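Source: prediction; values computed, not measured.
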Amino acid sequence: MSGDIKYYREQFKRQKKLEEIVSKRVLKRPKTKKWHVFMLYLMLPPLCIAAAYAVFCAVPAGYRLPAGLVGLILIAETYLRFCLIQSVKCYQHYAGEDTRRKCMCIPSCSEYAVMSLKKIFPLVLALLKILKRLFITCDGTEYKVDFPCRKAGERFEKRI
């Protein structure tokens, strides 16, 4: 019985500590412009077409289709990853303070998205982790620590 009380006291103290960290954190406002992000997405189709054409012309006839597909996927994924990171940074710049402060997780959901897009390969896995974070983990009921990589989360837990 006293073990349960001790556990709940520890959890309460942890929640209070996390609440203090979340309420006092500084929200970054990267310098981005909406038109810049729009132009990045506008350039995606021509870039993919040019990359596919370049790979298609440079590779011998028997290997064109596989090499073209691999090249196209790699270029599209790299560029799309960059576009998504810039989109999140645009959100961080233009979203209101009250909207951004709704997240009760450490790091914030937008910071989590940027971390995931920079560290996790392939892109589909990073997007799935971001969706899970936005719609399942960050439910607004309690303060949580959730990093995209286990090591970063463990380092943070040791500090609190």
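Between the CG atom in D146 and the OH atom in Y112 there is a gap of 4.5 Å [rounded to 0.5 Å]. Rounded to the nearest 0.5 angstrom, L131 CG and T137 OG1 are separated by 11.0 Å. Note: I85 CD1 to L80 CG = 10.0 Å, rounded to the nearest 0.5 Å. Taking CZ from R14 and NZ from K144, the interatomic distance works out to 11.0 Å, rounded to the nearest 0.5 Å. Distance check, rounded to the nearest 0.5 Å: NZ of K102 to SG of C138 gives 11.0 Å.
In this structure the side chain of L27 reaches within 4.5 angstrom of the side chain of R101, judged on heavy atoms. Contact check for D4 versus Y8: side-chain heavy atoms found under the 4.5 Å cut-off. Looking only at side-chain heavy atoms (C-beta outward), F82 and L117 stay at 4.5 Å or farther from each other. No side-chain heavy atom of V88 sits less than 4.5 Å from a side-chain heavy atom of L84. Looking at M104 and T141, their side chains never come closer than 4.5 Å, going by heavy atoms from C-beta outward. Under the 4.5 Å side-chain criterion, counting only non-hydrogen atoms from C-beta, C83 is in contact with Y79.
Under the rule for a side chain to side chain contact (heavy atoms under 4.5 Å, CB included), the partners of S87 that lie at least two apart in sequence or sit in another chain are V37, Y41.
Sequence neighbours left out, the pairs with a member in residues 21-40 that pass side-chain hydrogen bond (donor to acceptor under 3.5 Å, both in side chains) are R29-E97. A side-chain hydrogen bond (donor to acceptor under 3.5 Å, both in side chains) check over residues 115-133, counting only residues at least two apart or in different chains, returns nothing.
For F38, the CZ atom is loosely surrounded, since the number of other residues' heavy atoms within 6.0 Å does not exceed 12.
For the pair E10 and K13, the salt-bridge criterion is not met [side-chain N within less than 4.0 Å of a carboxylate O].
For the pair C103 and S108, the tightest heavy-atom approach, listed with the atom from each and the gap, is SG-CA, 3.8 Å. Minimum interatomic distance between R81 and P122 (heavy atoms only, all atoms of both residues): NH2-C, 3.7 Å. The shortest non-hydrogen separation linking V22 to C105 is CG2-O, 4.3 Å. Minimum interatomic distance between I120 and P148 (heavy atoms only, all atoms of both residues): CD1-CB, 4.0 Å.
Both L44 and L123 sit in one connected hydrophobic cluster of ILVMFWY residues. Membership requires side-chain heavy atoms under 4.5 Å apart, directly or through other members. If you chain together hydrophobic residues whose side chains sit under 4.5 Å apart, V145 and M115 fall into the same group.
The main-chain N or O of Y143 is found under 3.5 Å from a side-chain atom of Q15 such that the two form a donor-acceptor pair.
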